[in-house]
Number of protein chains: 2
Amino acid sequence: MKRTRAKETDDESGGTAPGGIQALDAALSVLRVLRSFDGPATLSDIAREAGMPPSKVHRYLASFIHAGLAVQKERSGRYDLGREAAELGVAAISRNNFVVRASDELEELATVTGQAALLAVWSHNGPTVVRLERGPHLTTTSIGLGSTFPLLDSATGRVFLSYLPSPQLAVRLQNELERAASAGVSWPDLNPDLASVEAVTMKVRRERVAYVDGRYIPGLVAISSAITNWQGEIEVAATLFGTHKDLLQPESPARSALIDFASRHSIAPPAQLGKPRGAQVR
Amino acid sequence: MKRTRAKETDDESGGTAPGGIQALDAALSVLRVLRSFDGPATLSDIAREAGMPPSKVHRYLASFIHAGLAVQKERSGRYDLGREAAELGVAAISRNNFVVRASDELEELATVTGQAALLAVWSHNGPTVVRLERGPHLTTTSIGLGSTFPLLDSATGRVFLSYLPSPQLAVRLQNELERAASAGVSWPDLNPDLASVEAVTMKVRRERVAYVDGRYIPGLVAISSAITNWQGEIEVAATLFGTHKDLLQPESPARSALIDFASRHSIAPPAQLGKPRGAQVR
DNA sequence: TGTTCTTATTGCGTATTATGCAATCAATTT
DNA sequence: AAATTGATTGCATAATACGCAATAAGAACA
């Protein structure tokens, strides 16, 4: 199959697709802008960010809304991503073999360990839950499908902190460090500075597990491990959580099962390429 | 915020968005088609399904590829969803909150149907009311925020019974079955045994609505439908209740509006994950 | 409550481009 | 090797996307 193929954009400006449709290219750059906001945005914010007149953006948004990719909030008039975008994403994730294979065995992991289990992938808003097995013991919690986690004080967040390439992390990490520093917050194993972050992430990568011990969400204990690709970068975080502090013990069977699960679903980097990318970036 | 707002498409054909861009509408229907395949698809398959000439579809795909929403496989030449589709989608699900989004439109549902409306989520105490709209007619009822419902003889409870994973239901369901059996209670459509529960829940899932007809709370009629996530599990039950038995008729506009409401606020699983998890658990 | 300012939405003439159709290219089948 | 099928591209022109201004709606202020 040697056919001429459309080139995926390799810069952030978007530009026009050879052999494509100009109006569609422009519209898709608007959709990308909408995605890049942390939440609902005004027409003028979107237009400013996209570098387009508001009336043009408005017409694109009308079509996105009609297609279900965007919604406009009744009260605020702000625009947000819609249900179709979520369904598109779920469909796309379901074509990611790392997620699919880990999903297939998540229920068993939860059953064997007696904990609730989740899979999270990275999004613009940070680590996001895409699969969840509650198990019999966890009747209620605020954690659900679509939940996101902080980087510094969640097990899942720390795993992403340890294995995600730095450029993707930079802004969110900076924000969390600044917020913690100005609030005077620190943790027993982590101060809000980069050197301390480095030490924690080295520990996570060495032990292949991160944890939080109930201090952050009262009563809830969590451990997380990275499913990594051939470049040593994280594809999915697998996390166990529950209310028993036993989960944190180094000899805990659940902890071993989790590390084994993540390892089995990872692809080891080719040895001759040297260190995993995740390590090199630090 | 009362401005004229674009309407999300309410049928599967897509059509054109008033105030939108026609080429974009057409392109987005192609993206939807691409999504609906359970894996990589040929240009001609996509064009056939979209009802468009291949050359037109090819141009749209060129733009989608350029934007990262689609990729073309090197070897087979088939088209699939790209990384940017996953990123868009995960951003959408990280911003989605089932309760908040349903709440935003609950008042309109109550107004359009002329019924009182409520949203309930699962809690330690079973189905629990988290949002309540009284609607235009005065309904005397003790239902308020925080009210809980039984599983067997309430519409809301039956919806949870039909869509909640079995481990979470087990203890509460067992208790209600034993209590009914020892009190010698049964219902016209439900005996207090697991086989009968199974039949009722299959019916609820097939019809996508559960109801009680005034026999349980004198004078009160209720129908309920499930807002479900991409694992096929219930996130929120949306319930209409009032005093008019018309609510129970299969052709009742309120019933249709409720089912549509729940469907619009659900995120459907992708096709190739097979059966929804909620169903498999039975 | 009325006025002013800001933001969102829509109308319309015309400049731009999306489209249909055919040709060409590439891959697969016979 | 020839025929068939499927993907990609060129081009004339029909269609519509767009810029700009006007209008509508909402928020802020006095």
Side-chain angles (χ1 to χ4, degrees), chain A residues 1-8 14-31 33-34 37 39-67 70-80 82, chain B residues 1-8 14-31 33-34 37 39-67 70-80 104:
Chain A
M1 180 57 73
K2 294 280 181 69
R3 286 170 168 150
T4 311
R5 295 164 53 226
K7 283 283 189 175
E8 182 177 334
T16 61
I21 302 290
Q22 291 180 60
L24 179 52
D25 297 329
L28 293 179
S29 69
V30 170
L31 188 58
V33 163
L34 184 58
F37 287 98
T42 63
L43 174 69
S44 44
D45 285 342
I46 298 165
R48 188 178 309 116
E49 198 64 34
M52 290 189 212
S55 67
K56 185 177 181 182
V57 171
H58 185 265
R59 292 192 169 103
Y60 293 145
L61 287 171
S63 287
F64 288 136
I65 287 166
H66 182 72
V71 292
Q72 189 177 20
K73 305 285 179 167
E74 175 102 30
R75 278 169 228 267
S76 65
R78 286 169 179 257
Y79 296 87
D80 203 358
Chain B
M1 185 51 77
K2 291 278 183 65
R3 284 169 169 151
T4 311
R5 293 165 53 221
K7 282 283 188 179
E8 180 177 334
T16 60
I21 303 291
Q22 291 182 57
L24 178 53
D25 297 330
L28 294 178
S29 68
V30 170
L31 186 60
V33 163
L34 183 59
F37 286 98
T42 64
L43 175 67
S44 45
D45 285 342
I46 298 165
R48 188 179 307 117
E49 197 66 25
M52 290 189 213
S55 65
K56 187 177 182 182
V57 170
H58 185 264
R59 291 193 170 103
Y60 291 146
L61 288 170
S63 288
F64 287 135
I65 287 166
H66 182 71
V71 291
Q72 189 175 19
K73 306 285 179 162
E74 175 98 31
R75 279 174 225 269
S76 64
R78 288 170 177 256
Y79 296 88
D80 204 357
D104 286 346

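These figures come from a predicted structure and were not determined experimentally.
Sequence order on DNA chain D of the closest nucleotides to B:Thr42 and B:Ala23 puts B:Thr42 first from the 5' end. Positionally, the nearest nucleotide of DNA chain C for B:Gly19 lies more toward the 5' end than for the other of B:Gly19 and A:Gly20. Toward the 5′ end of DNA chain C lies the nearest nucleotide of A:Pro54, the other residue of the pair A:Ile21 and A:Pro54 mapping further downstream.
Rounding to whole angstrom units, CZ of residue A:Arg59 and C1' of C:dT9 are separated by 9 Å. If you measure from atom CD of B:Glu74 to atom C1' of D:dA7, you get 15 Å, rounded to the nearest angstrom. For the pair B:Arg78 CZ and D:dA7 P, the computed distance is 9 Å after rounding to whole Å. At whole-Å resolution of the value, CE in B:Met52 and P in D:dG6 are 19 Å apart. Across the protein-nucleic acid pair, A:Asp25 atom CG and D:dA17 atom C1' stand 14 Å apart, rounded to whole Å. Whole-Å rounding puts the A:Leu43 CG to D:dA25 P distance at 16 Å. When rounded to the nearest whole Å, the span between CG of A:Leu24 and P of D:dA17 equals 11 Å. Here D:dA7 presents its C1' atom at 18 Å from NZ of B:Lys56, a figure rounded to the nearest Å.
Of the side-chain N and O atoms in A:Tyr79, none sit less than 4.0 angstrom from OP1 or OP2 of C:dT7. A close approach under 4.0 Å does occur between a side-chain nitrogen or oxygen of B:Tyr60 and OP1 or OP2 of C:dT19.
At the heavy-atom level, A:Ser55 lies under 4.0 Å from base atoms of the strands shown.
Closest to the side chain of B:Gln72, from the set C:dA8, D:dA7, C:dG20, is D:dA7. Which of C:dG20, D:dC18, C:dT9 sits closest to the side chain of A:His58 comes down to C:dT9. Nearest to the side-chain atoms of B:Gln22 among the listed nucleotides C:dT9, D:dG19, D:dT16 stands D:dT16.
Nearest heavy-atom pair, A:Gly20 versus B:Ser63, reported as atom, atom and distance to 0.1 Å: CA-OG, 3.4 Å. Nearest heavy-atom pair across B:Ala67 and A:Leu28 is CB-CD1, 3.7 Å. In terms of heavy-atom proximity, A:Tyr79 sits nearest to A:Ile65 at CE2-CD1, 3.7 Å.
A distance of 14.5 Å separates CG of A:Leu61 from NE2 of A:His66, quoted to the nearest 0.5 Å.
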A:Leu34 and A:Val30: CA distance, side-chain angles, deciding distance, side-chain contact (heavy atoms from CB on, under 4.5 Å) verdict: CA-CA 6 Å; A:Leu34 184 58; A:Val30 170; 5.6 Å; no

